[in-house]
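First listed ligand is number 1; within each ligand, the first listed atom is number 1.
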Amino acid sequence: MLVLGIETSCDETAAAVVSGERRILSNLVLSQLDEHRVFGGVVPEIAARAHMDHLDTLIRAAMADAGIGFRDLSGIAATCGPGLIGGVMVGMMAGKAIAAAHDLPFIAVNHLEAHALTPRLTDNVAFPYLLLLVSGGHTQILVAEDVGVYRRWGTTIDDAAGECFDKAAKLMGLPYPGGPNLERAATSCTSAAQAQDRFPLPRPMLGRPDCDFSFSGLKTAVRNHADKLPAGALDPRDVAMLASSFEAAICDVVTDRCARAMQRFGAAYRTETPTIVVSGGVAANTALRGALQNLATEQGFAFVAPPLKLCSDNAAMIAWAGIEHLRRGKSDGLDFAARPRWPLDPEAEPKRGAGVKA
Ligand code: KG4
Ligand code: ZN
């Protein structure tokens, strides 16, 4: 089985071909970083236009890289939500058009489900498993019970973790994209302990019995520190220390929330090897990966972190989600409507926080 995946829900235009045997035949991602950099963040209208400009070339290149023609495909999978609706429509319509022209099944993929199913593509992880999804738009703890069956145990009540990284980086005068630049700054800090003494930061939600997150207080605390530093361009040593203290706070909060979820998982599911998976762009953070790995070892969990290229937005995960659906005999009509919001667990209570995306 070969499926073409298309991803256009945010600022990456991506196309990929994946096989049912978990082989990635091609995986192309075109980042729009340069288009959005001057604005310091993603501009939806610019994103949609950039997808329009590049998607057809990228799909052709992905097919050529895989060395196949449309006739060799078993289906076309495209992200149909959640995300920036203009961009989602571009990828969805391209996918539907190819499916219609070649009489192939169309699979409407939930972008979050694609992140959630990635460890099955990379590591063949069996259900059920615990998933920490940390990206620019989402911060959630989920149990993946089966394809299409997810329990959301925790979510942010305000900003997403990646959003917090990006805003904190901006306050430190670091360029967009904030997360990777903040991580780079933190690595040049020589003493993490001194950094935390000099720039103490709160640990929102630490110790709470649920698995929810909150990051807006952390961002405000970073702003308060930054405001007290001498005006003008910040001293790189101060930035390194503030970045290091910030990373430590994020790691403490995320591991605390995951520890809760692991205890709950252990009590709710009997599995031979309980597994926790981390996915989403923030999973690229080395300090966070290390902290989660240590926590998993401590709690007797296997730790799976897909390679960075498959953690951040890509189309291989969309193609794979398509394969998981097709295998279960599921495909969608060409009248499927794009969904700006599309929660993975419809039964989970919606949270009212400003930045919550699902
Ligand atoms: O999953 P993703 O590529 O896009 C979505 O949001 O769906 O995640 C992007 C987010 C951005 O907020 C970015 O700053 C953050 O992931 N990020 C990082 C790192 N690399 C990317 N955050 C912290 N450390 C990193 N190394
Ligand atoms: Zn994503």
Side-chain angles (χ1 to χ4, degrees), residues 5-14 16 27 29-33 36-37 40-42 44 47 78-84 87-88 91 109-118 131-140 142 156 159-172 174-188 213 215 218-219 222 243-244 246-251 253-254 277-292 305-318 320-321 340-342 344 355-358:
I6 298 170
E7 159 61 35
T8 56
S9 67
C10 191
D11 58 341
E12 264 95 22
T13 316
N27 186 18
V29 181
L30 188 73
S31 168
Q32 301 174 2
L33 275 183
H36 300 287
R37 186 172 280 118
V42 179
T79 300
C80 290
L84 303 173
V88 169
V109 173
N110 179 321
H111 178 91
L112 296 174
E113 180 174 36
H115 276 302
L117 294 174
T118 302
L131 178 86
L132 169 70
L133 178 59
V134 270
S135 72
H138 305 279
T139 301
Q140 302 191 359
L142 298 157
T156 178
D159 292 347
E163 209 174 349
C164 186
F165 261 100
D166 294 338
K167 287 176 178 170
K170 210 169 181 177
L171 291 166
M172 294 177 206
L174 295 167
Y176 175 83
N181 284 319
L182 192 153
E183 172 164 30
R184 212 163 297 129
T187 48
S188 60
F213 299 85
F215 292 104
L218 190 51
K219 175 190 63 190
V222 169
S244 166
F246 174 83
E247 257 192 6
I250 291 265
C251 287
V253 167
V254 174
V277 176
V278 62
S279 194
V282 183
N285 189 275
T286 312
L288 185 61
R289 277 187 182 231
L292 288 168
L308 299 185
K309 215 177 158 194
L310 297 172
C311 267
S312 50
D313 288 351
N314 67 88
M317 69 176 187
I318 306 301
W320 177 254
R341 283 179 181 249
W342 190 354
L344 273 186
V356 181
K357 303 287 195 309

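- When the heavy atoms of Asn285, Asn181, Asp166 are ranked by distance to atom 14 (O) of ligand 1, first place goes to Asp166.
- At least one N, O or S atom of His115, from either the backbone or the side chain, sits less than 2.8 Å from the Zn ion (ligand 2).
- Residue Lys170 qualifies as open at atom NZ: its count of foreign heavy atoms under 6.0 Å is 12 or below.
- The nearest heavy-atom contact from the protein to atom 18 (C) of ligand 1 is Gly179 CA, 3.7 Å.
- Regarding atom 1 (O) of ligand 1, its nearest protein heavy-atom neighbour is Gly281 N, 2.9 Å.
- Taking the side chain as every heavy atom from C-beta outward, Ser135 and His111 never approach each other to under 4.5 Å.
- You'll find the side chain of Val277 reaches within 4.5 Å of the side chain of Pro306, heavy atoms only.
- An N or O contact shorter than 3.5 Å is missing between Pro177 and ligand 1 by distance.
- With Ala284, Gly136, Ser312 as candidates, the residue nearest to atom 6 (O) of ligand 1 on a non-hydrogen basis is Gly136.
- Among the backbone and side-chain atoms of Cys10, no N/O/S atom is found under 2.8 Å from the Zn ion (ligand 2).
- Ligand 1 has Pro180 within reach: a non-hydrogen atom of the residue lies less than 4.0 Å from it.
- Listed by number with element, the atoms of ligand 1 under 4.0 Å from a non-hydrogen atom of Gly162 are 12 (O).
- Considering backbone and side-chain atoms alike, Gly280 places every N or O at 3.5 Å or more from each N or O of ligand 1.
- Nearest heavy atom pair, residue Ala160 against residue Gly136, reads CB-O, 3.5 Å.
- With hydrogens and angles disregarded, a donor-acceptor distance shorter than 3.5 Å links the side chain of Asp166 to the backbone of Gly179.
- Residues Glu247 and Thr187 have side chains not in contact (no heavy-atom distance under 4.5 Å, counting atoms from C-beta outward).
- Looking only at protein heavy atoms, the nearest one to atom 15 (C) of ligand 1 is Val282 CG2, 3.9 Å.
- Of the possible donor and acceptor atoms, none in the side chain of Thr79 sits under 3.5 Å from a partner among the backbone N and O of Thr8.
- Ranking the protein heavy atoms by distance from atom 4 (O) of ligand 1 puts Asp313 OD2, 3.3 Å first.
- The closest side-chain heavy-atom distance from Leu310 to Met317 is not below 4.5 Å.
- At least one heavy atom of Gly137 sits under 4.0 Å from some atom of ligand 1.
- If you run side chain to side chain contact (heavy atoms under 4.5 Å, CB included) between Phe213 and each of Val254, Asp159, Val134, only Val254 comes through.
- Residues Met172 and Phe246 form a side-chain contact, since some pair of their non-hydrogen atoms from C-beta on lies under 4.5 Å apart.
- With respect to the Zn ion (ligand 2), Asp313 has OD1 as its nearest N, O or S atom.
- Each of the atoms 24 (N), 25 (C), 26 (N) of ligand 1 lies under 4.0 Å from some heavy atom of Glu183.
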